[in-house]
**Q** 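Quick one: the structure is below, and I'll ask about it shortly.
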Amino acid sequence: MASISSVRGFKDILPGETPRWHHVEERARKVFSSFGVNEIRIPILEKTELFKRGIGEATDIVEKEMYTFLDRGGEYLTLRPEATASVIRAYLEHHLYAEEPLSKLYTIGPMFRRERPQKGRFRQFHQINVEFLGQDDPRIDSELIFMLIHLLHTVGLTDLSLEINSLGCPECRPAFRKVLTSFLEDKANTLCEDCRRRLSANPLRIFDCKQKGCQEAITEAPCILDHICDECGRHFKEVQKNLNLLNTSFTINRKMVRGLDYYTRTAFEVTTNALGAQNAVTGGGRYDGLTKLLGGPDIPGIGFAIGVERLISLIPEEEAATLHPDVFLAALGSEARDFCYRLSNTLRLAGLKTEMDFSDKSLKSQMKRAHKLGCRFTLIIGEKEMKEKKAQLRNMEGGEQREISLASFSDLAACFKRLIQSPS
RNA sequence: GUGGGUGUAGCUCAGUUGGUAAGAGUGCCGGGUUGUGGCCCCGGAGGUCGAGGGUUCGAAUCCCUUCACUCACCCCA
């Protein structure tokens with residue numbers, strides 16, 4: 001029988017990697033609690049309609065990357081390709097906007113997009129999502145970005161660059177779009193095939209294209225920053241002022257546009273050069289029209305998504321500590337093994353990380369095992385020790401060994417706790 | 001969806017113009033110490049050379065097909 005492998009683009013997170021995941025998630029939760037951001041847990045499956053409306057019918061995600069299927073009830077369901085639409089859905093469905101003027105929410109979990117996998121891109125990947133809903137004060141934007149940068153520093157990242165831009169609003173973007181389209185139409189023959197298609201579908205996206213001809217066409221193209229309305233311009237200036245106030249350095253990337261339809265005004269991205277072609281660790285922006293689009297009242301919002309796999313691949317090795325057992329019990333003879341079997345599980349109840357070997361192996365091989373596991377102490381109990389109610393306690397770091405009395409289990413647990421806490 | 005690269009031991013890889021080369025290192029198990037880890041030495045287990053077909057007296061090696069992995073494009077976290 002051929003063995004079954006995992007689904008393409010779906011990765012196992014192995015025991016050697018989970019400490020890094022814990023590290024990231026724990027730090028994130030701690031930072032969020034300082035900033036008053038509360039966790040919300042949302043389903044992985046939603047009605048397909050939610051993403052079609054929320055993300056945009058014409059986006060690549062909706063057009064060709066969603067895992068969608070027909071449920072037995074005759075309804076189309078989709079494995080979520082992103083979290084924001086779901087969070088907004090929950091926010092509206094449970095009327096959270098009626099409870100507080102500002103809801104600060106985070107969620108951590110898997111997303112699904114059926115893309116071709118490559119470095120830093122998977123079909124199931126994980127995101128840390130944060131959404132601030134209820135207000136459009138530019139101080140909200142800057143605080144969210146400030147928190148994001150703080151979080152990235154906290155998990156150990158350096159050498160990041162923050163880029164921001166403003167994408168305008170429904171008042172000013174359509175006008176800019178016309179200006180841009182008419183400018184690019186003259187250069188259509190220098191654009192790549194994809195961008196010629198974008199010309200009518202979503203001309204802003206041409207800014208993202210890496211093709212030479214398109215890049216050249218874009219360098220002289222009008223910038224959205226020069227065409228946003230006064231209100232958007234003031235908002236963007238305030239965001240910058242506040243970032244400076246919070247000592248958060250940034251660069252303005254006049255060509256940054258984001259791929260999802262719902263973004264308005266502030267857009268931002270954090271990139272690194274250590275990730276290959278998929279260099280965005282995190283990205284986000286304001287989406288003031290989204291709640292209305294999803295059938296709710298008109299409530300402004302802003303959020304970001306961190307790619308956890310990409311983030312973890314950037315964490316320095318030493319940040320992810322591995323867990324070594326405190327003590328290994330090496331038993332010789334069946335009587336000693338029974339004794340150690342009871343003792344090991346008693347010590348564990350007392351909170352000591354304890355290991356032993358059940359097979360009838362030589363002391364030498366048990367010692368090797370203890371060493372391999374990185375145990376700090378080994379307690380050696382053989383037939384002789386059982387008779388004399390004593391045991392050999394060996395410190396695996398220095399190798400010194402002494403005899404201790406096999407008193408009650410609780411005494412032993414207390415003894416080990418003292419030893420473990422003492423500096424080596 | 002499109003292109004490039006790679007598939008040999010658990011892992012990292014070597015295999016000379018097709019001709020006793022199925023190999024190394026590492027890891028695993030055991031021994032050198034009848035009850036003591038690390039360093040060293042010795043031994044052992046482990047592979048239908050991704051799969052299928054073809055050429056040939058003979059294929060890990062050449063050809064075709066297929067699958068997987070990987071990188072890049074598209075797009076995004």
Side-chain angles (χ1 to χ4, degrees), chain A residues 2-9 11 16 55-56 58-65 81-84 108-130 148 152 192-195 197-198 202 205 208-211 214 256-260 263 268-272 275-284 303-314 328 330-333 336 357 359 361-386 391-401:
Chain A
S3 59
I4 298 172
S5 61
S6 64
V7 177
R8 179 189 192 81
K11 302 291 180 189
I55 300 172
T59 57
D60 278 19
I61 291 178
V62 172
E63 260 178 18
K64 52 192 190 196
E65 294 175 359
E82 59 119 46
T84 302
I108 302 176
M111 308 297 155
F112 305 85
R113 292 182 200 172
R114 202 182 181 293
E115 299 177 274
R116 193 80 173 260
Q118 69 185 73
K119 188 180 181 67
R121 188 163 70 196
F122 316 96
R123 290 182 171 185
Q124 178 181 154
F125 61 101
H126 296 75
Q127 287 187 338
I128 297 173
N129 277 263
V130 173
L148 169 61
L152 297 178
C192 71
E193 205 178 312
D194 286 325
C195 286
R197 197 160 31 77
R198 288 183 186 124
N202 191 349
R205 208 75 76 66
D208 267 340
C209 189
K210 291 170 191 165
Q211 300 287 332
C214 307
M256 181 175 63
V257 294
R258 311 236 60 230
L260 282 53
Y263 285 116
F268 55 93
E269 250 175 40
V270 177
T271 56
T272 166
L275 273 178
Q278 310 306 319
N279 62 352
V281 187
T282 169
F304 63 76
I306 302 175
V308 181
E309 283 84 355
R310 291 182 187 178
L311 176 61
I312 280 174
S313 72
L314 296 172
F328 190 92
L332 292 160
D357 193 313
S359 56
K361 282 186 175 168
S362 68
L363 180 58
K364 174 176 177 159
S365 94
Q366 294 189 60
M367 294 296 289
K368 277 190 179 175
R369 177 96 185 122
H371 177 78
K372 176 97 194 284
L373 290 172
C375 299
R376 241 180 108 185
F377 294 96
T378 298
L379 193 66
I380 302 163
I381 304 179
E383 287 160 16
K384 196 170 62 187
E385 285 79 7
M386 287 305 292
Q392 305 295 326
L393 176 66
R394 186 178 180 86
N395 183 329
M396 298 299 279
E397 279 158 46
E400 56 290 355
Q401 189 166 311

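From a predicted model like this one, the values you see are computed outputs, not experimental measurements.
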**Q** To check you understand the geometry: which heavy-atom pair defines the closest contact between A:Arg258 and A:Gly283, and what is its length?
**A**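 In terms of heavy atoms, the two residues are closest at NH1-C, 3.4 Å.
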**Q** Stepwise, does the side-chain contact (heavy atoms from CB on, under 4.5 Å) test hold for A:Ile61 with A:Glu82?
**A** CA-CA 9 Å; A:Ile61 291 178; A:Glu82 59 119 46; 5.6 Å; no
**Q** Measure CZ/A:Arg114 against P/B:rC76 and give the value in whole Å, please.
**A**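 Answer to the nearest Å: 19 Å.
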**Q** How far, in whole Å, is B:rU17 from B:rA60 if one measures between their C1' atoms?
**A**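 Comparing C1' positions in B:rA60 and B:rU17 gives a spacing of 16 Å.
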**Q** How many whole angstroms separate atom NZ of A:Lys64 from atom P of B:rC76?
**A**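 So the two atoms are 10 Å apart, to the nearest Å.
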**Q** Can you work out whether A:Ser5 or A:Arg121 has the more 5'-proximal nearest nucleotide on RNA chain B?
**A**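 The residue mapped nearer the 5' terminus is A:Ser5.
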**Q** Could you check A:Arg113, A:Met111, A:Arg114 and say which one makes a side chain to side chain contact (heavy atoms under 4.5 Å, CB included) with A:Pro81?
**A**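 Result for side chain to side chain contact (heavy atoms under 4.5 Å, CB included) with A:Pro81: A:Arg113.
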**Q** Taking atom C1' in both B:rG47 and B:rC28, compute the distance separating them and give it to the nearest angstrom.
**A**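 Between the two C1' atoms, the distance is 15 Å.
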**Q** Determine the interatomic distance between P on B:rC49 and the same-named atom on B:rG7; round to the nearest Å.
**A**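 Here B:rC49 and B:rG7 have their P atoms 15 Å from each other.
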**Q** Just verifying a value: how many Å separate A:Gln127 CD and A:Ile306 CD1, rounded to the nearest 0.5 Å?
**A**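 Reported to 0.5 Å precision, the distance equals 9.5 Å.
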**Q** Could you work out the separation of B:rU61 and B:rU56 based on their C1' atoms and round it to a whole Å?
**A**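 The answer is 13 Å between these two C1' atoms.
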**Q** Write down the distance separating the P atoms in B:rC11 and B:rG54, rounded off to the nearest Å.
**A**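 Going atom to atom, P in each nucleotide, I get 30 Å.
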**Q** Whole-Å distance between B:rA72 P and A:Arg116 CZ?
**A**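 Checked: the CZ to P distance equals 13 Å.
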**Q** Report yes if the side chains of A:Leu148 and A:Phe268 come closer than 4.5 Å at any heavy-atom pair, otherwise no.
**A**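 When only atoms from C-beta onward are counted, A:Phe268 and A:Leu148 do touch, with a gap below 4.5 Å.
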**Q** For B:rA59 and B:rC63, measure between their C1' atoms and round to the nearest Å.
**A**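 It comes out at 11 Å once rounded to the nearest Å.
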**Q** Taking atom P of B:rC76 as reference, at what distance in whole Å does atom CZ of A:Phe125 sit?
**A**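 It works out to 12 Å between those atoms.
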**Q** Rounded to whole Å, please give me the gap between CG in A:Asp357 and P in B:rC28.
**A**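 Between P of B:rC28 and CG of A:Asp357: 14 Å.
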**Q** Can you find a side chain N or O atom of A:Gln118 that sits less than 4.0 Å from OP1 or OP2 on B:rA72?
**A**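 It does, given that an N or O in the side chain of A:Gln118 lies less than 4.0 Å from OP1 or OP2 of B:rA72.
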**Q** What's the spacing between A:Leu152 CG and A:Leu314 CG if we round to 0.5 Å?
**A**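 Taking CG in A:Leu152 and CG in A:Leu314, the distance rounds to 9.5 Å.
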**Q** Summarise how protein sits on nucleotides 29-43 of chain B as a single string, 5' to 3': B when a protein heavy atom is under 4.0 Å from the base, S for sugar-phosphate-only contact, - for no contact.
**A** -S-B--BBBB-----
**Q** What base-paired stems does RNA chain B take part in, with at least 3 consecutive Watson-Crick or G-U wobble pairs and both distances under 3.5 Å?
**A**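 In RNA chain B, stems of three or more pairs: B:1-7 with B:67-73, B:10-13 with B:23-26, B:28-32 with B:40-44, B:50-54 with B:62-66.
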**Q** Which whole number of Å gives the distance between the P atom of B:rA9 and that of B:rG15?
**A**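 One P to the other, the span is 15 Å.
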**Q** On a plain distance test, is the side chain of A:Glu269 in donor-acceptor contact with the base of B:rA77 below 3.5 Å?
**A**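 No, no donor-acceptor pair under 3.5 Å.
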**Q** Could you state the CZ-P distance from A:Arg205 to B:rC74, rounded to the nearest angstrom?
**A**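 Nearest whole value for this atom pair: 12 Å.
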**Q** Quick one, A:Gln124 with A:Lys11, criterion side-chain contact (heavy atoms from CB on, under 4.5 Å). Give me CA distance, side-chain angles, the key distance, then yes/no.
**A** CA-CA 7 Å; A:Gln124 178 181 154; A:Lys11 302 291 180 189; over 6 Å; no
**Q** State the CE-CD1 distance between A:Met367 and A:Ile380, to the nearest 0.5 angstrom.
**A**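 Atom-to-atom, A:Met367:CE and A:Ile380:CD1 are 4.5 Å apart.
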**Q** Counting heavy atoms from C-beta on, name the nucleotide in B:rA72, B:rC74, B:rA77 closest to the side chain of A:Phe122.
**A**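 Of the options given, the side chain of A:Phe122 lies nearest B:rA77.
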**Q** So which one's nearest nucleotide on RNA chain B is more toward 5', A:Thr59 or A:Gly9?
**A**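 Its nucleotide being nearer the 5' end, the pick is A:Gly9.
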**Q** Could you check how far CG of A:Asp60 sits from P of B:rC74, rounded to whole Å?
**A**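 Answer to the nearest Å: 11 Å.
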**Q** Kindly compute the distance separating CE (A:Met396) from OG1 (A:Thr378), expressed to the nearest 0.5 Å.
**A**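 Separation between the atoms: 3.5 Å.
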**Q** Measure from the side-chain N and O atoms of A:Arg121 to the backbone N and O of A:Arg116, and report whether any donor-acceptor pair falls under 3.5 Å.
**A**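 Judged by distance alone, yes, a pair lies under 3.5 Å.
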**Q** In whole Å, what separates the P atom of B:rG4 from that of B:rG18?
**A**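 Per the computed distance, 25 Å lies between those P atoms.
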**Q** To the nearest 0.5 Å, what is the distance between CD (A:Gln401) and CG (A:Leu393)?
**A**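 Spacing of CD (A:Gln401) from CG (A:Leu393) equals 8.0 Å.
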**Q** Output the distance between atom CD1 (A:Ile108) and atom NE2 (A:His126), rounded to the nearest 0.5 Å.
**A**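 So the CD1 of A:Ile108 and the NE2 of A:His126 are separated by 10.5 Å.
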**Q** Under 4.0 Å from OP1 or OP2 of B:rC69: is there any side-chain N or O of A:Arg8 that close?
**A**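 So the side-chain polar atoms of A:Arg8 do come within 4.0 Å of the phosphate oxygens OP1 or OP2 of B:rC69, strictly under.
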**Q** Without swapping roles, check the side chain of A:Gln366 against the backbone of A:Ala331 for a donor-acceptor pair under 3.5 Å.
**A**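 Such a contact is found between A:Gln366 side chain and A:Ala331 backbone.
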**Q** Mind listing the residues from residues 305-313 of chain A sitting with a heavy atom below 4.0 Å of RNA chain B? Number order is fine.
**A**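 Residues of residues 305-313 of chain A under 4.0 Å from RNA chain B: A:Ala305, A:Gly307, A:Arg310.
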